Amino acid sequence: MKRFLFLFALMCTLTVQAQSPVVKGCAEPAWIHFLDPVAAMGEGQKVTGTVMLSDGLKGSASQLNAIIADEIQRQLGRFPSLSVSTVDIIFYDTPSGNSRRNTRSGRSGSRVRSHSNGSKLNGLRQMLMERLGAESITLTVVPEDWETIIRVTEEQSDIRLKQAALDIMRNVGVQQGREQQLKALAGGETWRQLQQQVFPQVQRLDYKASFVRQFAGGVAVTLEGLYATARSHQNTGNDYYDIIDLAARLFPESVEAVVNAAGVALLRGDVQKAADYLQALQKDCRAYLHIGVMYMLRGDRTRAEVFLRMAETQGIPEAVAALRALHDGIPVWSE
């Protein structure tokens with residue numbers, strides 16, 4: 001409840017502050033296409049990456065954790081205005097040749113075994129919590145990533161008895177002696193090549209981090225949360241539009257959110273506000289439709305058709321409707 005009261009107050013404040021002169025003439029809903037910024041949050045509110053660990057695994061646990069933490073912190077430093085909310089980490093490892101006992105670690109459902117390399121990650125979660133200030137960090141260990149081992153092996157040209165090795169990997173189960181059969185090939189030469197040429201390309205850590213924007217009083221607002229709230233008001237007109245507009249002002253780094261806010265401005269006839277949103281997106285294909293509609297309402301039919309045609313090639317049905325209206329000679333107003 002506290003969060004929604006805060007959101008309502010913030011929305012009201014920003015609406016009053018951001019009022020601008022309204023230009024006569026509004027876009028038709030059939031010309032406006034709202035994007036899904038949540039599905040595209042890799043650019044805005046989520047970051048994914050990979051850290052190769054072939055060198056780090058040779059060092060101590062603290063050295064390995066520092067390598068991982070440094071890389072993730074460097075990537076997340078691209079978003080200084082946002083706070084890290086969650087980090088999901090998957091560590092992919094290779095066979096060590098030793099017998100291992102199945103164990104559980106991390107969040108529920110993690111696939112983890114006690115392992116000489118996996119055990120080095122024990123302090124990683126705590127280190128990242130301290131350095132990133134994340135609310136939640138989950139760590140999953142895949143002790144033997146055979147899927148990637150097979151793929152990387154296929155790409156190698158000089159593995160001894162390569163096809164025989166691939167047949168074993170694909171058809172002999174781990175519990176049925178897969179490693180032992182691989183080690184027997186070419187007097188152990190095939191296994192040695194796998195360890196030297198393939199395994200270093202498999203041992204890696206994939207991470208995905210999400211962000212929130214923190215406000216006074218510790219209230220956190222996410223782009224995903226805003227759009228979930230907007231969808232609950234989708235049939236109430238102005239409330240829905242107000243939240244879409246607010247999302248762009250709180251998260252201007254999300255191109256999708258900005259394009260959607262421009263669409264709201266066009267529906268409300270505020271062409272200048274739409275132009276302000278779209279000014280930096282003239283070469284971004286995600287904005288072509290709304291740029292074309294903006295030029296329609298400005299009376300610039302030539303530029304309108306150029307951008308609407310480009311949007312049409314993307315298969316956006318709203319572009320077809322806007323072009324039809326443009327060719328039918330709808331009345332437009334200049335600013």
Side-chain angles (χ1 to χ4, degrees), residues 38-79 82-153 169-170 173-175 178-179 194-195 198-212 222 224:
V38 177
M41 280 167 48
E43 291 185 21
Q45 307 319 120
K46 288 189 179 179
V47 166
T48 60
T50 297
V51 181
M52 301 307 297
L53 299 174
S54 56
D55 292 331
L57 290 174
K58 299 173 184 177
S60 66
S62 61
Q63 289 174 325
L64 172 63
N65 290 344
I67 289 173
I68 298 169
D70 288 345
E71 169 64 15
I72 294 178
Q73 194 167 34
R74 182 180 68 82
Q75 291 293 334
L76 304 190
R78 294 154 47 199
F79 304 90
L82 302 177
S83 300
V84 180
S85 175
T86 63
V87 182
D88 296 319
I89 298 170
I90 304 178
F91 170 53
Y92 296 93
D93 205 359
T94 55
S96 66
N98 302 321
S99 60
R100 291 176 295 277
R101 168 174 68 87
N102 287 340
T103 61
R104 291 274 180 184
S105 179
R107 65 182 174 185
S108 175
S110 298
R111 293 169 48 201
V112 181
R113 293 179 185 174
S114 60
H115 193 278
S116 58
N117 290 332
S119 63
K120 289 185 177 183
L121 300 174
N122 288 340
L124 178 60
R125 185 185 292 106
Q126 185 60 37
M127 175 181 284
L128 290 175
M129 290 284 285
E130 294 172 356
R131 291 179 58 170
L132 303 178
E135 300 172 5
S136 170
I137 294 179
T138 60
L139 174 62
T140 303
V141 178
V142 179
E144 297 181 5
D145 182 11
W146 285 103
E147 181 178 344
T148 305
I149 292 172
I150 291 172
R151 178 179 57 77
V152 175
T153 301
M169 293 181 203
R170 291 170 179 147
V174 173
Q175 303 301 324
R178 178 185 297 173
E179 288 184 29
L194 292 175
Q195 289 181 309
V198 175
F199 289 2
Q201 299 185 56
V202 176
Q203 294 166 330
R204 69 196 187 280
L205 180 146
D206 290 347
Y207 63 89
K208 177 173 66 176
S210 61
F211 303 93
V212 295
T222 67
E224 185 174 11

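Everything numeric in this text was worked out from a predicted model, so none of it was measured. The residues of the chain are indexed from 1 along the displayed sequence.
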Practice problem: Please identify each residue that fulfils side chain to side chain contact (heavy atoms under 4.5 Å, CB included) with Glu147, with sequence neighbours left out. | Solution: Asp145
Exercise. I would like to know whether Ile68 and Phe91 meet side-chain contact (heavy atoms from CB on, under 4.5 Å); could you show each step before the answer?
Key: CA-CA 11 Å; Ile68 298 169; Phe91 170 53; over 6 Å; no
Quiz prompt | Where Val84 and Leu132 come nearest, the two heavy atoms and their spacing | solution = CB-O, 4.1 Å
Quiz item: So, Thr86 and Ser136: side-chain donor and acceptor under 3.5 Å apart, yes or no?
Solution: no
Self-check item: Gap between atom OG1 of Thr48 and atom OH of Tyr207 - 0.5 Å precision
Solution: 7.5 Å
Quiz prompt | Nearest-0.5 Å distance, OG1 of residue Thr138 to NZ of residue Lys208 | solution = 9.0 Å
Quiz prompt | Any residue meeting ring-ring contact (aromatic ring centres under 6.0 Å, His included) with Tyr92, in chain and number order, not counting sequence neighbours | solution = none
Quiz item: Rounded to the nearest 0.5 Å, how far does CZ of Arg125 lie from CD of Glu130?
Solution: 13.0 Å
Practice problem: Might you point out which heavy atoms bring Ala69 and Met127 nearest each other, and give the distance in Å? | Solution: CB-SD, 3.7 Å
Exercise. Report the residue from Leu194, Thr148, Val202 that forms a side-chain contact (heavy atoms from CB on, under 4.5 Å) with Thr153.
Key: Leu194
Self-check item: Residues forming a side-chain hydrogen bond (donor to acceptor under 3.5 Å, both in side chains) with Gln73, sequence neighbours excluded
Solution: Arg131
Exercise. Can you measure from CG (Leu53) to CZ (Arg204) and round to the nearest 0.5 angstrom?
Key: 9.5 Å
Practice problem: State, to 0.1 Å, how close Glu179 and Pro95 come at their nearest heavy-atom pair, and which atoms those are. | Solution: OE2-CB, 3.2 Å
Exercise. Nearest 0.5 Å please: distance from the CD1 atom of Ile89 over to the CG atom of Leu124.
Key: 4.5 Å
